[in-house]
Every structure is written in structure tokens, then in C-alpha cells.
Amino acid sequence: MNPTQNTTEAKKGYNPHIIESRFYNICKERGYFEIEGNKSLWEQPNPPCFSIMMPPPNVTGVLHIGHALTFSLQDIITRYKRMNGFKTLYQPGLDHAGIATQNVVEKQLLAQGIHKEDLGREEFIKRVWEWKEQSGGAIINQMYHLGITPAWSRLRFTMDKGLQNAVKKAFVQWYNQGLIVQDNYMINWCVKDGALSDIEVEYEENAGKLYYLRYPIKESKECLIVATTRPETFFGDSAVMVNPQDERYAHFIGKSVILPLLNREIPIIADTAVDMDFGSGCVKVTPAHDINDYEVGKRHHLEFITIFDEKGILNAHAGAFAGKDRLAARHDIIKALQEQGFVEKIEDYTNQVGKCYRCGNVVEPYISKQWFVKKEVAFNAIKRVNEKQLHFIPPQWLNNYNAWMRELKDWCISRQLWWGHRIPVWYCECGERVASESDYPTCPKCHLKITKQDNDVLDTWFSSGLWAFSTLGWGNESIEKSQNTSNVDSINHTLYGANDLIDFYPNTLLITGFDILFFWVARMILSGESLLHKLPFKDVYLHALVRDKDGQKMAKSKGNVIDPLNMIQTYGADTLRFSLAYLCAQGRDVKLSAHTLETINNFTNKLYNAAQFLNMYLEQLGGKEALERGFGDVGHLEITTPLGQYMLARFYKATNEVREALNAYRFNDGASILYRFLWGEFCDWGIELAKASKDSVYELGAIFKGAMLLLHPYMPFITDWLWHSLNGTKIESADSIMIAPYPKARALDSNLAQIERDFNIIQDVIISIRRLKATLELGNAPVEKVYVKLNAALAKSLLEQFVCKLAKVAHLELVSDKIAGSVVDVSEYCECYMQLTGVDLSAITARLNNQKQKLEKDITKLQSMLSNEQFIKNAPPHVFEQNKQALSAAQEKYDKINAQLSAFSG
């Protein structure tokens, strides 16, 4: 995105680049972001609690637009709860990102000619920690620019000692319950990154080939034609399979074929797993290298033949091709098969190929001895979620959750890495195996200290799956929490409060993107329920993706990626935050554009100008002393003027609506309400009407301050700056708006409801008169007299006070009948008449007649086209519809011009 210009220059005295960092640092240093940062707002010793967890971004990551949306929404609701007197925890953190981080450090070492094996495990991990301290976590500083307010003193890292303790406790608890097992399973295997869970495999459309291979039938001149997309795996075939209902092959069942090139005999079996319409209806069975064949192999007791190693290199089972990469060898294998007459044909074929979500390598089904969490761990979680103990927002995500959870497989949790939580299983020389929370445990069998630990580490999602409660001290309950210690690990534990788990678990709310529902959210749900017997959240809000203005997914290759840091540099954090929230309707993608950002940036300019106007009038009315005292607070000021009462009524309505929206997590509705009230009602009408009611300016200033409280969660910086400006204070010497109380919900009394109706009439009359002037091409020039016929009661003095000033009318007369010889404008509450005596209409009527003649030609042409049978028959539907709409619009303009000409001639 290329913004047209840095429009922040238009803000004159408000420079977001200076104000935002200054205000943020002051508030952070004062501890406002911490759990007790708003203690002055607590109405009781044990206030209601609110907790929300930051999805821990990878330590290798940078702030992207998806992060900006997640963090903005989280911060909006956190600030809102904080201002409402909740004891609030917004928990920040970083994920150690096992595969990604190890890759970063390995690449740095390789650039120096060093392999990790040269260093050894202990030294390599030391290098990773050094990288983490020096370069990792750059995203934290980037978050500051967005203005989010987590409790930074509690910043956690998934490899912190305290979280390591939680991981060990979870593993051992599940292990002892038989929910963690080690076994040989068919898994997803990346030749670079090792074992992967199902959801770590990304499927891409692949333009490949379908190979039809000839498998000779034993002691026969016939052969079976077998179709496959992976010919290199045929070395591991244990059978050829047909459908038992396929009459073409029924007589072959029970016989054998001879495997090409190897001359190995394998049986022909029958199984309903065969799709008779795929290829030849005859398929090879490779139990060790295909997920479906794995189950077939177990059913038919076939041999499981592994043909390549963990790096994808073919072994002795591949005969002459041993030692070659399994994919690189494909061409040579097919060539050899062709030379010996075993290839029937080769067709182009499009299929889905699984790739590693990290490195992009083709993933192989592979039998390996790994650690697994049994799927039974999730059964109670599924039940509780469907008992409405947790609510998804939007609610349709419950269906997606159920669909995935009910098809859940055992979760492969071991990874062949060095960086990460090492599996807490120990192997004694006597043959005993022990899962222990302690390092070097004592063997329960031979009573010697065990020194050998499992080499693998846990899947990164295992530790982040505990995030909702590991950050609250779970797993560290028995550890001394002394403040007076120099021990690093003990200091780590002081981050936990004595009642954190009681106060903040279950978490009140989780906000994250729908794309990690299964990676992270579902795993936190099953972990929390299984280990603490409570679901970890009350509400889960899943937002959609941020796309470009055309709804396209952002990608560097498309050149449509929006960098949030660039947007903050250009427009300020407030504009980006409000724009994202304004567009974030539940269940719909966010389509972000430069136009939206410019529009919201203009909104911030509008707020600045409104405050300037109010301060200017305050100084004029009361001098510099009044300006230094600032405006009063809307909750403590008696509002007496009609205009003040009208804006108070609109403020109360906006307050009620914003509260309702935020309580239901309808962030976009809250933003729309604030935009409507502040721009459309307060700035466009309140400020304008104040020019005819200067005695109401002090009241409007108090109401505007109240509106800054409403807006603050969305736009924290400009609201704080304007708040101090209107108070006559500075952030350096006064409290921030962020620990001021949020306006309470309040119903309108009959007096405010009546004054609201009165000003609706006043606005309607002003708009009607302005339309009359436009019709007569008078612009905003003053006029001598206007006649007004009202259809609702309103004091003439109140009407004249505002209408005459704003509509520039010298005299206003209320009438009960139509005024002859006048042009009229009819509106909801009134009819306004302006006499034509003395008005030269010749130029206007000439222009209208010219427009009328042109429209007559357009209408005739369109009517002729739309009644032509050939056009009706041949025109595309959208073209036909466009012409219908054009005819309707032309007819509407024609009717309006006729009405105007009639009025002028009458």
C-alpha cells in the first residue's frame, strides 16, 4: 500500500509520532497496564476479574497485520474492562517456536561454517538462548507502537523455567494416566524437520502424473495395471488390491503378482477401500508409506516394508536405486520400468500434495516410534463445550470445532529437535523407564540416579496449549516464591500472584484468528479441561482474515501486503486500530484499504479541530484562567441549556449503544456508533449549533470529554491528549484517561427525550432550507424570509435561535398553509417555502430544460433497447440489468426536473 501523503501534518498541534510514544511510556512506567494499575477504580476490595491471554507470537516473528487486528481487539476490550473497574489481567508472552528458531540459529552457524553437531546439544542450546536474548522478541518493541497494554512485568516465554515446570507436570500427569504413550505409528514426516502433526501439513494443488504400471500375474501371461502417483514407493508394496465387487478382477483375488524390477511375489487381495473408478480400479498397497494402506496392511496382516530413511534416502529394499533421494530417483525409476516394459501409460494428473508448514518439503507418511497424546484426552472437553460451558463467537465455529474434534487422532507430540521442552522421560541402565518432573530422578527399581533422558523435544503446541493456566502459576504451586533471592529461577516464579489461578482461571475471553482454532485453541481447551477439570475460557472470539480492498488474501508475491508498522508511521496507531475494529464484523473478512485509513485519519483531524474550537470559545468566554481550569465532567455538571441537553441525550444514547456492542464483542458496531456520534452528531451538528448558543459551549466541552472516555479503548492516544487539553492538564502531572471511569449506561428521562425531538425538528428545518437554496442555486447566501409549516409542536424562539443563524435567514415565519408562488421543500417534520418574487429564474430554467431534453433522448434510447427482442435475447444478464437501472435513474431525474420546473412556473 502506498499512502498518498502523511496527513498527520494536518493535525497541527497533535503529532502522533511524538505523542504516542511519550504517553505510552509514561503510562507503562506508572504501572497502569498491570493487574492493580486501575485500583483507584475498584469499588470493592474484591472487584470482578477479567483475564485475556495474548496468543504468544513466535520469538522469531515480526508484527504483521493479523497480529495488529488480534492485539487491537484484545486491547480495546481490556481497556474497556479496566475503565469499568475490573481487576484486569492482559497476559503477554512469546512462543519459543521450536522448528523456526532452531532453523534461524542453524543458518547463522552454517554461515560461519559450523554445524550444530560440531557444537553438541548443550552448547547449541546455549547459542539459541544467546540469540533469543539479543535478537529474539523484536516483536515486543513493535507491539509498543500499536499501543497495547498487557501486564508487561508478567511477560512470559514458553521456555521460561516456570513454564518448563508446567510442561513437565502436564506430561507426567498424562503419562501416569495412560494418556501419553510411545509407539510405532504412521505419522507425517518431513525429511528436514521430522515428525509433524496432521494440522502442521499444508495441502497444495499439484500438477503431477498418474503412472499406470504393469504388474505381471504369477504363472500367467496376464498382468494387472496399477495406477499410482508415487511410483518410487512400489519397492515397499506388500500387495495389489481390488474391490471385491469389481467383476473385472474377481477371478484374480487370491493369486499373486511379481513386483517389477525386484521379482518379489506379493498377493492380490480384496478390500472395499478401493475406488473402482480411480485409474484402473486396481491399486498397489504400500503399508509403510501410505496412511490408507497402513490400515489395510493391519487388516490383512501384510508386511510393512520401509524403503527410505529419515532423510528420504532409499535403502536396500530399492535395489539398484539405494542411496538416492526418493523424489530425485523417480525419473530414473520410471525410465527403468519403461525400458523393461512395465509402464502401460502416463497421464497428467492434478492432486493434493501435503507439504511441511515450515520448510515446504513434501511430507511423507512414515512409520516411526514417537510419543503421542491419546485422543481420549479430549472426550470430556467435547462434551463440556457442547453443554454450552464455552461459547464461540460467532457461534458457527462450534460446528467446525466439533467436526475436527470428533475426527481427532492421537496427537504426535515428539519432535526431532534440540531446541524446545525436552521430553521428561528417563531411561535407567536396568531397563526401567521413568517420567519425572525432576531432573536425574532416582530409579524406582534399582534406586540409582538416572542420567539418560529422551533425546526428542515436545511439539511447540504442547507448551502453548497450557498457556491459559501455565502463565498463572500452574505447575509451580510448591515452589518457594521469595522476593528476596538472587536465584534467577525463583525470581521467575514471583511473577505469579498467590490467587492468580483463582482470580483468572478460567480466562474470561480469548481473541484470536480462526486459522489457529485447531493448532492452538482446541488444544488449550482439551488441556485445560483434562488437567484442571475446567474449560480454559468462557468465550472464544475468532476473527477472520485481514485482506486487501478487493478481498484478496495478502501475499508478497501479489504486492498487496500491508505492513502495520508502516501504517502506524504514516497515520498513527489510533487510525490503524480504529480502522481494523471498524471493519471487523463478526464472521466476515476485514478488507483494509488506503481509503479507509484516510477516512479514519480525517476522523482524528475532526476530533482535534472540535477540541480546538471548544478551547478557543472557553478562552474567549472566560479568559486564560478558564482555559487552565478546563471543562467540567459530564457526570458532575448540571446541563441546563437546550443544546447542552440535546447533546447530552445523544451522548447517553451513544454510551448505551457502545456498551451493548462491547459487552457482546461487536467491535465494529461500537466503532460505527462512536464515528456516527462524534462526527455526524457532535462535530457536524453540536459544534455547528453552538455558534448560535455560545452559553452551551462549557457544557459541550464536558460532553466531549465524556465522549473521549467512550472512544478511549479504540483510540487511546488522541483521546488521552485531548482529555488533558480539555482539562487544562498535562500527562506528566496528572492521571491518564485510561484509569478514568467509563461512562455508565443511562436511560433518557422524558425531558431529554423531548429536547431530542425538538432538535430533530430544528435540524430538519435547516436541512430543508439549505436544499431550497441549492435548488435556486443560491449557495449559502443569506435570504430575507422563509415560511415554515411544522407538523410537530416547537417553540418559535428555539427554532429561530438556531435556524436563522445556521441557515442564514433574516426572518422566519411559521405558517399553517401552503404559500402560493413559492418553491417548496418537503421534509419529515416540515414544509419550507421560499417565494420566487424578485428571483431571476431564467438561467436556472434554461439549465433544467437542457437537462430535461437530454434525459428525454436517453430515456427514449434505453426504452427502445430494452424492448428490442434481439437485445433481450443476446445481451448478457448483467448488461441487461445495467440498462434497466440506467433507465430507472434517468426517469427519476426527469421527474425531479419536471417537479422543479412546475414549481418555478406555478
Side-chain angles (χ1 to χ4, degrees), residues 191 206-243 246 248-249 252-253 255-269 271 274-294 296-297 302-309 311-354 362-366:
V191 296
N206 175 63
K209 303 287 184 182
L210 187 60
Y211 302 89
Y212 291 80
L213 305 182
R214 301 166 63 89
Y215 281 36
I217 297 174
K218 182 182 178 183
E219 298 176 352
S220 171
K221 294 183 179 180
E222 295 184 274
C223 64
L224 292 181
I225 307 300
V226 174
T228 180
T229 59
R230 301 163 67 216
E232 65 278 3
T233 64
F234 92 94
F235 298 117
D237 289 356
S238 296
V240 170
M241 182 168 59
V242 299
N243 193 297
D246 195 332
R248 294 174 295 174
Y249 304 115
F252 291 122
I253 298 171
K255 295 184 178 183
S256 300
V257 295
I258 304 300
L259 199 63
L261 302 184
L262 299 181
N263 294 320
R264 177 159 53 83
E265 182 179 335
I266 59 176
I268 301 171
I269 64 174
D271 197 291
V274 178
D275 179 0
M276 292 187 288
D277 296 325
F278 173 76
S280 64
C282 192
V283 298
K284 57 198 280 305
V285 184
T286 317
H289 293 287
D290 184 276
I291 292 174
N292 295 323
D293 292 358
Y294 178 76
V296 172
L302 300 175
E303 185 180 3
F304 285 68
I305 304 170
T306 300
I307 64 167
F308 52 77
D309 65 14
K311 297 298 182 183
I313 304 302
L314 293 169
N315 58 27
H317 288 293
F321 300 95
K324 294 187 177 183
D325 177 83
R326 88 276 187 217
L327 295 180
R330 180 179 292 180
H331 175 268
D332 294 338
I333 293 168
I334 288 296
K335 182 179 179 182
L337 289 168
Q338 286 175 322
E339 289 173 350
Q340 296 190 36
F342 291 118
V343 177
E344 177 75 12
K345 61 179 178 177
I346 302 174
E347 294 178 344
D348 290 334
Y349 186 74
T350 300
N351 62 341
Q352 296 289 314
V353 172
V362 173
V363 169
E364 293 287 351
Y366 192 72

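Index from 1, following the sequence. Only a predicted model underlies this, so the values are computations on that prediction, with no experimental measurement involved.
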Stepwise side chain to side chain contact (heavy atoms under 4.5 Å, CB included) test for Y349 and Y211: CA-CA 9 Å; Y349 186 74; Y211 302 89; over 6 Å; no
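- Annotation: Q352, atom CD; neighbour count of heavy atoms from other residues, nucleotides and ligands within 6.0 Å is above 12.
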Working for ring-ring contact (aromatic ring centres under 6.0 Å, His included), residues Y366 and F308: CA-CA 9 Å; Y366 192 72; F308 52 77; 5.8 Å; yes
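- Atoms CD1 and NZ, on I333 and K324 in that order, are 8.0 Å from each other to the nearest 0.5 Å.
- Here the NZ atom belonging to K209 is positioned 3.5 Å from the CG atom belonging to D348, to the nearest 0.5 angstrom.
- At distances below 3.5 Å, not a single donor-acceptor pair connects side-chain atoms of T286 with backbone N or O atoms of G236.
- One distance of note links OG1 of T350 with CG of L210; it measures 11.0 Å at 0.5 Å rounding.
- Across every non-hydrogen atom of R326 and V362, the tightest pair is NH2-O, 3.1 Å.
- Salt-bridge check for R248 with D246: passed, with a basic side-chain N closer than 4.0 Å to an acidic carboxylate O.
- Nearest heavy atom pair, residue V226 against residue V283, reads CG1-C, 3.8 Å.
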Given side chain to side chain contact (heavy atoms under 4.5 Å, CB included), test V240 with F252 step by step and report yes or no. CA-CA 10 Å; V240 170; F252 291 122; over 6 Å; no
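- A distance-only check finds a donor-acceptor pair linking the side chain of N315 to the backbone of T306 [under 3.5 Å].
- Expressed to the nearest 0.5 Å, how far NZ of K255 lies from OG of S220 amounts to 6.5 Å.
- In this structure, Y249 and I268 have side chains that are not in contact, with every pair of non-hydrogen atoms separated by 4.5 Å or more.
- Under the 4.5 Å side-chain criterion, counting only non-hydrogen atoms from C-beta, V274 is not in contact with V242.
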Give the intermediate values and the outcome of side chain to side chain contact (heavy atoms under 4.5 Å, CB included) for residues D325 and V191. CA-CA 10 Å; D325 177 83; V191 296; 5.8 Å; no
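- Q338 places a side-chain heavy atom less than 4.5 Å from the side chain of I346.
- The closest side-chain heavy-atom distance from I225 to R214 is below 4.5 Å.
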For residues 259-267, which side-chain N or O atoms pair as donor and acceptor with protein atoms under 3.5 Å away, sequence neighbours left out?
{"unit_1": "R264", "atom_1": "NH1", "unit_2": "D237", "atom_2": "O", "d": "2.9"}
{"unit_1": "R264", "atom_1": "NH2", "unit_2": "F235", "atom_2": "O", "d": "2.7"}
{"unit_1": "R264", "atom_1": "NH2", "unit_2": "D237", "atom_2": "O", "d": "3.4"}
{"unit_1": "E265", "atom_1": "OE1", "unit_2": "K218", "atom_2": "NZ", "d": "3.0"}
{"unit_1": "E265", "atom_1": "OE2", "unit_2": "K218", "atom_2": "NZ", "d": "3.3"}
{"unit_1": "E265", "atom_1": "OE2", "unit_2": "S256", "atom_2": "OG", "d": "3.2"}

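- In this structure, V363 and P365 approach most closely via the heavy-atom pair O-CD, 4.1 Å.
- In this structure, D309 and K311 approach most closely via the heavy-atom pair OD1-N, 2.9 Å.
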Taking it one step at a time, do C223 and V257 satisfy side chain to side chain contact (heavy atoms under 4.5 Å, CB included)? CA-CA 8 Å; C223 64; V257 295; over 6 Å; no
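- Here the OG1-CZ distance, from T233 to R330, works out to 8.5 Å after rounding to the nearest 0.5 Å.
- Using a 4.5 Å heavy-atom threshold, the side chains of V285 and D271 count as separate.
- For the pair H289 (side chain) and I307 (backbone), a donor-acceptor distance under 3.5 Å is present.
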